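Worksheet: the structure to be examined is printed underneath.
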Amino acid sequence: MILAGDEMATVKEPNPAFAESIIKAGGKTLNLCYQCGTCTASCPSGRQTAFRTRKLIRKAQLGLKEDILPSDDLWMCTTCYTCVERCPRQVDITDIIMILRNFAVKEGYMAETHKKTASSMMNTGHTIPLTNDYKEMRKRLGLSEQPPTVLGDPKALEDWKKIMQITGFDKLIGGK
Amino acid sequence: MTERYALFLGCIAPLRYPGIEKATREVFKALDVELVDLEGAGCCPAPGVIRSFDQTTWLALAARNLALAEKKGLDIITICNGCFGSLFDAAHLLHEDKQKVKEVNKILKEVGLEYVGDKIKVRHFADVLHKDIGIERIKSKVVNPLNFKAAVHYGCHFAKPSKIKQLDDPERPSILDELVEAVGPKSINYRDKMMCCGAGGGLRTRANEIAMKMTEEKLANVKKAGGQFIVDVCPFCHLQYDRTQKDVPGYNIPVIHLSQLYGLAFGLPRENMGFESHHVPVNL
Ligand code: SF4
Ligand code: SF4
C-alpha cells in the first residue's frame with residue numbers, strides 16, 4: 001500500500017491546462033475546494049478502499065493528469081453524492097469525478113466489464129440482456145414477453161444506435 | 001380524477017425483477033392512476049456507467065427518452081433511483097443550459113425528434129405516491145395491513161443531490177418511512193441508514209467485491225437493529241441487497257420494492273409480485 005506521506009513528499013509538476021479543461025467541461029466549482037477533508041470523511045467507498053476524495057480533488061486542481069486518469073481510485077466512487085451534500089464549499093465533487101472519468105475513457109482507460117455494459121446498452125437499448133428465463137417469468141406474470149421499450153422495436157433501436165454513431169460512442173467503447 | 005403518467009421502465013425492473021414492473025402496474029391501477037407505456041424508450045441511460053463514460057452520449061439518449069414523453073404530453077414516472085437521477089439531472093442540465101438543448105436537438109433531429117424542454121416533469125413513483133396521491137388515499141386501499149420491522153433504504157439518487165431534487169431532507173428524510181408505515185410495518189432506525197448500497201457508479205460492474213463490502217456493512221447494521229425486511233425504491237439497490245446475500249453468508253433478510261409491499265398490503269394476488277426471481281425468499 002502506498003502511504004499518503006510518500007506521495008506528499010514527491011514533487012509533481014502541476015498541469016494548469018488539464019485543470020482548466022476540467023473546469024471547462026463543467027467543473028466550475030473545482031477551485032472552491034479548500035481541502036477540509038469532509039468529503040473523504042463522508043465517503044462510503046473510502047471506508048473500504050484507499051480512495052481519498054479530498055486527495056483526488058487536490059490532484060484535479062493541480063491538473064495531475066497522469067496520476068488521475070489511469071488510476072483505479074477514479075472508479076471507486078459510487079456517485080452517492082454524500083460528499084456533495086456535506087461539502088462546505090459546495091464543490092460539485094461527483095460531477096467532477098464523472099468529468100475525469102470521461103477524460104479517462106477518452107484516453108482508452110476503460111474496464112472490460114464496463115465495455116460490456118456499454119456495448120449491451122448500445123446494441124440492445126438496455127445495460128443487461130433479456131434472457132429466456134426472464135422472458136418466461138414475464139409471461140407468467142401476464143406481462144408482454146419483451147418490455148415495451150427499444151427491445152423488440154426495430155425502428156426505435158435503429159434510432160437509438162444512430163444517436164451513438166453521431167456521438168462517436170461506438171468508436172469510444174471499442175477502445176484503443 | 002384520474003392522474004396519468006408515462007411509465008419509464010429502465011433496465012433492471014423489467015429484465016431482472018419483472019415482479020416490480022407488474023406490482024407497479026397493478027398498484028397504480030388499484031389507486032385509479034393511469035400509467036401509459038413509453039414505447040420505444042431505452043436505458044435511462046445509467047448515470048454511474050454511461051454518464052461516466054461519455055456525458056454527450058448520456059445527455060443525448062436521456063433527451064431522447066424525455067422527448068418521447070413530451071410527445072405524449074405526460075410527466076414521466078420512474079420506479080428506479082438510477083432512472084430518476086439520470087432523467088431528472090438531464091432535464092435539469094438542459095433547463096440550465098440552452099446551448100446544450102441546441103446541441104442535443106441537432107442530434108435528435110437525425111432521428112426525427114425534438115426536445116422542447118420544461119414541458120414535462122420527471123417524477124419518482126414514491127414522490128408521486130406521497131405528494132399526488134397522499135397517505136390517506138393509500139391507507140384507504142389497505143386490506144391486508146402488514147406487521148413487521150422494516151429497514152427502509154432510500155438509496156442515493158432519490159433525494160440527492162438535494163440542491164436540485166428538493167424532495168426531502170438528504171440526511172434525515174421521512175417520505176419513505178411514512179409511505180411504509182402507511183400500510184402497516186414499523187420503519188426502524190438503523191446505523192448509516194442513508195448510506196449507499198454499494199452498487200452505484202459502476203462499482204458493482206467493475207469491482208463487485210468492494211461494492212459487496214459496502215452492502216455487507218449495511219446488512220450488518222440492519223440485522224443488528226432487528227430489521228426483518230429491507231424495503232427499497234430502486235431495482236438496482238434491490239438487486240445488490242438480494243444477490244449479495246447469495247455470496248455473503250450469515251444473512252437472510254428479504255428485500256422488497258415499495259411497489260411489491262403495496263401490492264401485498266392492497267391484497268393483490270401474491271403471485272403477481274414476482275417473488276420467484278428473488279434470491280432471498282420473501283415470506284409474507
Ligand atoms: S469537502 Fe469540499 S472543500 Fe472540503 S476537501 Fe472535499 S471538496 Fe474540498
Ligand atoms: S459521491 Fe463518490 S466520492 Fe462522494 S462520498 Fe459518494 S462515493 Fe465518495
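Protein chains get the first letters and strands the later ones, always in sequence-line order, with residue 1 at the start of each. These figures come from a predicted structure and were not determined experimentally.
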Kindly check if the number of other-residue, nucleotide or ligand heavy atoms within 6.0 Å of [atom1] ([X]) is above 12?
| X | atom1 | value |
| --- | --- | --- |
| B:Glu209 | CD | yes |
| B:Arg270 | CZ | yes |
| A:Gln90 | CD | no |
| B:Lys98 | NZ | yes |
| A:Lys135 | NZ | yes |

Please report the shortest heavy-atom distance between [X] and [Y], naming the atom on each side.
| X | Y | value |
| --- | --- | --- |
| A:Met137 | B:Ser277 | SD-CB, 3.4 Å |
| B:Gly42 | A:His126 | C-CE1, 4.3 Å |
| A:Thr127 | B:Cys11 | N-SG, 3.4 Å |
| B:Pro45 | A:Met121 | CB-SD, 4.5 Å |

Is a side-chain donor or acceptor of [X] paired with a backbone partner of [Y] at a separation under 3.5 angstrom?
| X | Y | value |
| --- | --- | --- |
| B:Lys22 | A:Leu143 | no |
| B:Asp37 | A:Pro148 | no |
| A:Asp159 | B:Gly40 | no |
| A:Arg138 | B:Pro14 | yes |
| B:Thr205 | A:Thr113 | no |
| A:His114 | B:Gly202 | yes |

At a 4.5 Å cut-off on heavy atoms, which part of [X] comes close to chain B: side chain, backbone, both, or neither?
| X | value |
| --- | --- |
| A:Asp72 | both |
| A:Leu151 | side chain |
| A:Cys77 | backbone |
| A:Thr94 | neither |
| A:Thr49 | side chain |
| A:Ile166 | side chain |

With only heavy atoms counted, which part of B:Pro269 is less than 4.5 Å from chain A, the side chain, the backbone, both or neither?
-> neither

Is chain A contacted by the side chain of B:Leu108, its backbone, both, or neither, given a heavy-atom distance below 4.5 Å?
-> side chain

Name the member of B:Met195, B:Glu110, B:Glu39, B:Arg51 that forms the most heavy-atom pairs with chain A at distances under 4.5 Å.
-> B:Arg51

Between B:Cys43, B:Cys156, B:Cys44, B:Ala199, which has the largest tally of heavy atom pairs under 4.5 Å with chain A?
-> B:Cys43

Would you say that [X] contacts [Y] through its side chain, given a criterion of any heavy-atom pair below 4.5 Å between the two side chains?
| X | Y | result |
| --- | --- | --- |
| A:Arg47 | B:Asp192 | yes |
| A:Pro147 | B:Leu15 | yes |
| A:Lys162 | B:Ile107 | no |
| A:Trp160 | B:Leu61 | yes |
| A:Val150 | B:Arg64 | yes |
| A:Gln48 | B:Met214 | yes |
| A:Val84 | B:Lys160 | no |
| B:Pro170 | A:Tyr81 | no |

Mind checking whether A:Phe169 and B:Phe53 have parallel, tilted or perpendicular rings, split at 30° and 60°?
-> parallel

Residue from A:Asp133, A:Ile128, A:Asp153 scoring the most non-hydrogen pairs under 4.5 Å with chain B is A:Ile128

Between A:Asp92, A:Asn102, A:Ile97, which shows the greatest number of heavy-atom pairs under 4.5 Å with chain B?
-> A:Asn102

To the nearest 0.5 Å, how far apart are [atom1] in [X] and [atom2] in [Y]?
| X | Y | atom1 | atom2 | answer |
| --- | --- | --- | --- | --- |
| A:Ile163 | B:Thr57 | CD1 | OG1 | 9.5 Å |
| A:Thr167 | B:Trp58 | OG1 | CH2 | 13.5 Å |
| B:Ile50 | A:Ile173 | CD1 | CD1 | 7.5 Å |
| B:Gln55 | A:Ile99 | CD | CD1 | 6.5 Å |
| A:Leu141 | B:Arg25 | CG | CZ | 11.0 Å |

Hey, are [X] and [Y] close enough for a salt bridge, meaning a charged N less than 4.0 Å from a carboxylate O?
| X | Y | result |
| --- | --- | --- |
| B:Asp54 | A:Arg101 | no |
| B:Lys163 | A:Glu85 | no |
| B:Glu271 | A:Arg140 | no |

